[in-house]
Amino acid sequence: MKKIISTLALATLAFGSVFADVTFTTNYRTRMVGFSRVMNADGYTDTDTQAEKFTSYLFKHNAYGSASDTFKVEVGNDFGGAGVRVDPNAEAGNDSFVEYYGYATIGSVTLTAGLIDGISNDEYRLTDEVGKSNLGGESTDAYAPGSMHGAAITFQADDIAYFDGANRPVGMLTYNGDFGDTKITADLVAAAIDVHTDESILNSTATWDGSKMHSALGFRVNAKLPAAGIQLVFKQHVNTTDVSARSIALHVAPAINENISLAFGGATGFYNGELTEFNADIRFVFKTGNISITSLNTIGFITDAGVSNYNPVGYDTHVGLLYLNKDGVVNGQTNAVSQSSMWNLLAFRLEASEKLAVFCNIGDVIGFNAAHKEIGDYGMEFFVAPGFQFYATKNCSISTALRVGVSNLLMDDETYKDIEPAYGILVPVVLRVKL
């Protein structure tokens, strides 16, 4: 780490003689478990590797997201620049250099190239208020706009650099223009991506051939009109002689008033020309004074088109006992393969003073049956997490909550009559520092 920081410091000094602006950003967050207890988890697979997740413990550091911190340096001016972001706690086998890139601007056009960790427009996610608690993940913004299903074509449909769940070398061309009262931003991305020799990129059992690289493409248009913001995203995941996977997403954010924010839309996925996925999102925030209410909702469907080699898995994130069940093993199935699912989050927040905020997050995930009409084999998962946040300074806070999660609710009585609801209690402790 010291060598990395030293290298960044030297690079900053070198670039500083050329570029006018230098920006340093540090973002540290550690999420530990103060206390945890699971009750009646018989419906979950308790293997040797997961046994510790079903026991009580105090102050376990890596059970709820562990540490996450980044250090970023960007140097540049109106004509160009470069940046690098380092993650000292990158998982084993992953490069700690999360991002490194350069950019050049000529008039209204900017060219960016490098290893980039996603390119999303968070304006349509409406997570500013719910994200302040810093609980993260399944307790707050479990899903971005798009699909809920892992390895789906439309998973994270708003991110035009996200194609197969990994950072890729990216080249991006951005245009910014004003047309009267309308502002247009258009992004075109080409990313290097591995391609299978014989099976779809969506099939997790396929064998990868890292020697073959193709370009995945992403195109996004953001239009800012007086009455609304509109975002259109087109992504071509892979296009070879036998595989074509593309997604189209459209979201709208009407301009209502300063107290209300609303965004809605959806995404569709096509595999070899056939419609295989469709999803809908609606997000709402009401804020007045020191009080905010946030509602985030997504519903996703994988159609039963019977397309060869098309094998997305079930909903990607659990909200009931996820913190004890990272692998998503429930009722003998991996990652709950219900392919029609709904996610809902309702969050209340009160800034009681400059030093204290209180909040309560309530969320669920519901898995439907194949007919998309009734709650299916995987029932419903639910959690409620009241808590508070203490601010040492504006950019440094400690958050904690009493998170009660329940899984195996509303299971089919005929098939799962012996499986009772499973309960979990968690007290996360989150330290966040931003500079």
Side-chain angles (χ1 to χ4, degrees), residues 15 18-23 25 72 74-85 99-128 144-146 154 156-163 167-193 215-237 239 246-258 260-268 281-283 285:
F15 279 111
V18 179
F19 297 103
D21 300 320
V22 180
T23 303
T25 303
K72 181 177 179 179
E74 183 172 282
V75 292
N77 55 24
D78 293 338
F79 304 102
V84 61
R85 183 161 66 94
E99 288 187 317
Y100 52 89
Y101 57 89
Y103 63 92
T105 300
I106 303 175
S108 299
V109 177
T110 300
L111 175 63
T112 304
L115 184 68
I116 299 177
D117 183 27
I119 307 171
S120 298
N121 185 344
D122 291 341
E123 181 178 357
Y124 293 84
R125 296 182 68 164
L126 298 187
T127 57
D128 287 350
T154 53
Q156 294 196 14
D158 65 332
D159 190 337
I160 54 174
Y162 184 100
F163 292 96
N167 296 1
R168 300 295 179 189
V170 167
M172 180 172 69
L173 198 64
T174 301
Y175 168 79
N176 289 286
D178 295 321
F179 302 89
D181 294 333
T182 300
K183 181 177 181 179
I184 300 291
T185 300
D187 301 296
L188 177 63
V189 164
I193 185 171
S215 289
L217 298 176
F219 177 71
R220 179 176 62 200
V221 176
N222 282 297
K224 276 270 197 172
L225 292 81
I230 302 173
Q231 177 179 261
L232 174 65
V233 178
F234 172 86
K235 291 165 66 175
Q236 178 76 37
H237 287 222
N239 191 359
R246 62 179 60 93
S247 63
I248 301 173
L250 176 66
H251 288 85
V252 178
I256 301 175
N257 59 48
E258 61 182 11
I260 297 175
S261 299
L262 174 67
F264 60 88
T268 57
D281 307 284
I282 183 166
R283 300 182 169 221
V285 179

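Fair warning: this is a prediction, and the values are worked out from it, not measured in the lab. The basis for the numbers below is simple: all heavy atoms, side chains too, and nothing from hydrogens, waters or symmetry mates.
- Between the side chain of Y124 and the main chain of I230, a donor-acceptor pair closer than 3.5 Å is present.
- In plain terms, the two heavy atoms of N77 and D21 that are nearest each other are CA-OD2, 4.4 Å.
- Checking side-chain atoms of D281 against main-chain N and O of G146 turns up a donor-acceptor pair under 3.5 Å.
- The backbone N or O of D178 sits nowhere less than 3.5 Å from a side-chain atom of K224 that would complete a donor-acceptor pair.
- Residues L126 and A263 approach most closely at CD1-N, 3.7 Å, considering heavy atoms.
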Residue pair L232, I248: steps toward the side chain to side chain contact (heavy atoms under 4.5 Å, CB included) verdict | CA-CA 7 Å; L232 174 65; I248 301 173; 4.1 Å; yes

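- Residue Y103 holds its OH atom at 12.5 Å from CG of L111, rounded to the nearest 0.5 Å.
- Residue Q156 comes nearest to K235 through the heavy atom pair O-NZ, 3.3 Å, listed as atom of the first residue, atom of the second, then distance.
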side-chain hydrogen bond (donor to acceptor under 3.5 Å, both in side chains) between D158 and H251, worked out: CA-CA 9 Å; D158 65 332; H251 288 85; over 6 Å; no

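- Every residue meeting the side-chain contact (heavy atoms from CB on, under 4.5 Å) condition with I260, not counting sequence neighbours, appears here in chain and number order: I256, N257, F284, F286.
- Residues V109 and L173 are in side-chain contact: their nearest non-hydrogen atoms beyond the backbone lie under 4.5 Å apart.
- Of all non-hydrogen atoms in A191 and V170, the two that sit nearest each other are CB-CG2, 3.9 Å.
- Pairing each heavy atom of A157 with each of V233, the nearest pair is O-CG1, 3.3 Å.
- Side-chain contact between V252 and L262: absent, with no pair of heavy atoms (C-beta onward) separated by less than 4.5 Å.
- The two residues D78 and T105 come nearest to each other via the heavy atoms O-CB, 3.5 Å.
- For the pair E123/N222, no side-chain contact is recorded, criterion being any heavy-atom separation below 4.5 Å from C-beta on.
- Considering only heavy atoms from C-beta on, D187 stays 4.5 Å or farther from I119 through its side chain.
- Side-chain contact between V285 and T127 is absent, with no heavy-atom pair separated by less than 4.5 Å.
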* Asked: Going through the distances and angles, do S108 and N176 end up as a side-chain hydrogen bond (donor to acceptor under 3.5 Å, both in side chains)?
  -> CA-CA 5 Å; S108 299; N176 289 286; over 6 Å; no

